[in-house]
Asks: 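My questions will all concern the structure given below.
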Protein chains: 2
Amino acid sequence: MLTDRQQAVLDFVRAQHERLGLFPTLREIQAHFGFASPFAATRHLQALEKKGALTRQPGKARAFTLPASRHSSASWSGGGLLSIPVFGVIPAGLPAANAQEIEPDESVAVDAASLGLRRNSRVFGLRVRGDSMIGANILEDDIVFLAPREPTPGQIVAALIDGESTLKRFLHQRGRPFLRAENPRYPDLLPAAELIIQGVMVGLLRRTA
Amino acid sequence: MLTDRQQAVLDFVRAQHERLGLFPTLREIQAHFGFASPFAATRHLQALEKKGALTRQPGKARAFTLPASRHSSASWSGGGLLSIPVFGVIPAGLPAANAQEIEPDESVAVDAASLGLRRNSRVFGLRVRGDSMIGANILEDDIVFLAPREPTPGQIVAALIDGESTLKRFLHQRGRPFLRAENPRYPDLLPAAELIIQGVMVGLLRRTA
DNA sequence: TTAACATGTGTTCAAATGAACACTATATGG
DNA sequence: CCATATAGTGTTCATTTGAACACATGTTAA
């Protein structure tokens with residue numbers, strides 16, 4: 001069992017790695033805790049290592065490993081994490097080359113593989129408003145993930161109509177595309193102009209807590 | 001625009017950080033690419049820095065920053081990433097203190113905030129089998145996230161019945177708990193013995209790609 | 001009361017690591 | 001043809017960083 005001081009050191013090591021992507025040096029730990037000697041930091045790290053709370057590579061700078069506590073970012077080694085910008089209203093500029101510069105309302109992190117995507121895929125998220133897609137089991141406040149790609153009929157897409165984005169199912173009839181809400185209370189949309197598809201749905205995240 | 005060699009160096013730096021949680025030293029980059037001199041590595045890093053692909057803290061070991069490319073793990077600075085074990089069948093041992101040692105079928109990464117959870121919260125995932133919860137907009141192959149906590153009536157839970165786990169809505173009737181499928185094709189479950197709740201649903205991840 | 005552990009201080013030194021210089025070869029653009 | 005950029009080699013040195021020793025104090029458990 002870690003002592004309070006040891007836990008504090010471990011928390012600092014973990015927090016530095018989360019914030020900066022770097023583990024701290026002995027002297028950075030010394031400075032943070034106000035130790036007069038870097039060896040005090042060494043003593044704590046040695047105790048943490050003995051108790052299995054971290055491992056060190058002898059003689060190497062900043063070389064820690066935090067063992068799999070399965071619920072922390074330090075243990076994620078599956079790679080391919082996506083930081084996905086989420087919009088409440090999709091900016092008309094999406095998907096554009098400079099889309100990354102449009103400030104999202106929030107961001108969520110999900111690993112690419114669980115959405116069936118390659119690492120570093122371009123994805124954005126849309127916070128669902130309303131109940132127009134309830135028939136497709138998409139609820140208000142869900143985050144729908146969309147990738148910019150050409151849709152095939154039957155897929156759910158974000159489309160730009162009259163300067164606004166809408167989430168609908170993409171279908172064809174007699175060679176002409178149209179959009180269907182998955183709620184009988186909403187009519188089909190047959191766009192007068194060419195349909196601009198901003199993204200095709202690749203996944204969904206729901207929070208129920 | 002980065003040259004091919006510079007891109008290769010950047011990819012290596014990023015990959016090492018994803019795999020090990022550490023940026024490489026000049027000599028580790030030198031060894032990887034077979035350079036005769038650590039200064040070759042320095043030259044590439046200087047070029048990458050000049051082109052804005054990374055930044056370095058002068059004179060400090062392994063001290064890089066990768067600027068926000070919004071679609072890579074290096075850019076996730078929101079903290080609180082959860083590495084969630086996902087099971088096809090929930091082991092009867094969940095949720096137990098040694099649950100972390102039970103080997104999951106897979107893991108997914110999601111940030112805690114988007115599930116309304118604190119960093120380092122204990123969560124596990126269940127890959128949904130069958131259509132018993134379709135009425136709650138939970139589809140087969142969805143991953144349902146569950147946190148070990150006491151349920152309140154109306155919540156969706158994973159419960160252990162007859163040695164098997166099942167996902168159902170938790171309800172009360174005349175003070176007695178029972179489980180309801182959200183599909184009229186399945187009957188309510190009135191457990192004979194005391195109900196063991198393995199987790200309460202806190203979110204869901206769906207893949208449609 | 002004693003031993004073990006925790007938590008340091010103070011100091012020195014070895015190794016790791018980054019910095020930088022002079023040089024060479026090749027490619028590219030003006 | 002010349003200047004610049006890229007991509008190194010070879011080498012040396014400064015700084016950062018980790019390691020480790022001797023010592024001290026307080027706490028805890030046997």
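Chain A is the first sequence line, chain B the second, and so forth, proteins listed ahead of strands; every chain is numbered from 1.
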Asks: State the CG-CD1 distance between B:L204 and B:I143, to the nearest 0.5 angstrom.
Replies: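 Answer rounded to 0.5 Å: 8.5 Å.
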Asks: Provide, to the nearest angstrom, the distance between the CZ atom belonging to B:F33 and the C1' atom belonging to D:dT6.
Replies: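 Going from CZ in B:F33 over to C1' in D:dT6 covers 15 Å.
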Asks: Taking atom P of D:dT6 as reference, at what distance in whole Å does atom CE of B:M1 sit?
Replies: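 About 14 Å, once rounded to whole Å.
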Asks: Quick one: are A:L195 and A:V157 in side-chain contact, heavy atoms under 4.5 Å?
Replies: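 Contact flag for A:L195/A:V157 side chains = no.
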Asks: Nearest whole Å is fine: how far is C:dG18 C1' from B:E49 CD?
Replies: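 Distance, rounded to whole Å: 13 Å.
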Asks: Listing request: all salt bridge (Lys or Arg N to Asp or Glu O under 4.0 Å) pairs with a residue in residues 20-39 of chain A, at least two apart in sequence or in separate chains.
Replies: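 Salt bridge (Lys or Arg N to Asp or Glu O under 4.0 Å) check on residues 20-39 of chain A returns A:E28-A:R62, A:E28-B:K60.
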Asks: Run the side-chain contact (heavy atoms from CB on, under 4.5 Å) test against B:H32 and tell me which residues pass, sequence neighbours left out.
Replies: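 Partners of B:H32 by the side-chain contact (heavy atoms from CB on, under 4.5 Å) criterion, ordered by chain and then number, come out as B:F12.
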Asks: Which letter, B, S or -, goes with each nucleotide of nucleotides 18-30 of chain D from 5' to 3', with contact meaning a protein heavy atom under 4.0 Å?
Replies: BSBBB--------
Asks: Any side-chain N or O of A:H44 less than 4.0 Å from the OP1 or OP2 oxygen of C:dG8?
Replies: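 A:H44 to C:dG8 OP1/OP2: side-chain N or O found under 4.0 Å.
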Asks: Holding to salt bridge (Lys or Arg N to Asp or Glu O under 4.0 Å), I want the full list of residues that pass it with A:E49, two or more places apart in sequence or in another chain.
Replies: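 Not a single residue meets the salt bridge (Lys or Arg N to Asp or Glu O under 4.0 Å) criterion with A:E49.
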Asks: Among pairs that include at least one residue of residues 40-60 of chain A, which meet ring-ring contact (aromatic ring centres under 6.0 Å, His included), considering only residues two or more places apart or in two chains?
Replies: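 Non-adjacent pairs meeting ring-ring contact (aromatic ring centres under 6.0 Å, His included): A:F35-A:H44.
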Asks: Calculate the interatomic distance between B:K50 atom NZ and D:dT4 atom P; express it in whole Å.
Replies: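 My rounded result for the distance is 12 Å.
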Asks: Given axes from five pairs at either end, by how many degrees does the helix from C:dT1-D:dA30 to C:dG30-D:dC1 bend, rounded to 10°?
Replies: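 The angle separating the two end axes equals 30°.
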Asks: Rounding to a whole Å, what distance do you find between B:Q30:CD and D:dA7:C1'?
Replies: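 Distance check: B:Q30 CD to D:dA7 C1' gives 14 Å.
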Asks: Mind checking side-chain contact (heavy atoms from CB on, under 4.5 Å) for A:L190 and listing every partner two or more places apart, or none if nothing turns up?
Replies: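 Once residues adjacent in sequence are excluded, the partners of A:L190 under the side-chain contact (heavy atoms from CB on, under 4.5 Å) criterion are A:F178, A:D188.
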Asks: Can you list the residues that meet the salt bridge (Lys or Arg N to Asp or Glu O under 4.0 Å) rule with B:R43, with sequence neighbours excluded?
Replies: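 Expected list: none.
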Asks: What is the distance, to the nearest angstrom, from the CG atom on A:L45 to the P atom on C:dA6?
Replies: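 Answer to the nearest Å: 14 Å.
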Asks: Are the side chains of B:V9 and B:L2 in touch, meaning some heavy atoms are under 4.5 Å apart?
Replies: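 B:V9 does not reach B:L2 side chain to side chain.
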Asks: Mind calculating the distance between CG (A:L48) and P (C:dC5) to the nearest angstrom?
Replies: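 Checked: the CG to P distance equals 16 Å.
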Asks: Run through A:R207, A:R206, A:R127 and flag the one making a side chain to side chain donor-acceptor pair (under 3.5 Å) with A:D142.
Replies: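 With A:D142 as partner, A:R207, A:R206, A:R127 yield a single side chain to side chain donor-acceptor pair (under 3.5 Å), made by A:R206.
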Asks: For B:A136, what residues pass the side-chain contact (heavy atoms from CB on, under 4.5 Å) criterion, not counting sequence neighbours?
Replies: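 Partners of B:A136 under the side-chain contact (heavy atoms from CB on, under 4.5 Å) test: B:M133, B:I138, B:I156, B:R169, B:E182.
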Asks: Would you list the protein and nucleotides 26-28 of chain C atom pairs, both N or O, that sit under 3.5 Å from each other?
Replies:
none

Asks: Measure up the B:F124 and B:F87 rings against each other and bin them: parallel (under 30°), tilted (30 to 60°), perpendicular (over 60°).
Replies: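 Rings of B:F124 and B:F87: perpendicular, over 60°.
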Asks: To the nearest Å, give me how far apart CZ (B:F35) and C1' (D:dT11) are.
Replies: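 From B:F35 CZ to D:dT11 C1': 18 Å.
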Asks: For the side chain of A:A40, counting heavy atoms from C-beta on, which of C:dA6, C:dT9, D:dT6 is nearest?
Replies: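 The closest nucleotide is C:dT9.
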Asks: If you take all heavy atoms of A:I29 and A:A41, which pair is closest and at what distance?
Replies: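 Shortest heavy-atom separation between A:I29 and A:A41 comes out as CG2-CB, 3.8 Å.
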Asks: Check DNA chain D against residues 4-11 of chain B and give the residues with a non-hydrogen atom under 4.0 Å, in numerical order.
Replies: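 Going residue by residue through residues 4-11 of chain B, the ones with a heavy atom under 4.0 Å of DNA chain D turn out to be B:R5, B:Q6.
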Asks: Please collect all side chain to side chain donor-acceptor pair (under 3.5 Å) contacts where either partner lies in residues 149-161 of chain B, sequence neighbours excluded, each pair once.
Replies: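 Only B:T152-B:Q155 qualify under side chain to side chain donor-acceptor pair (under 3.5 Å).
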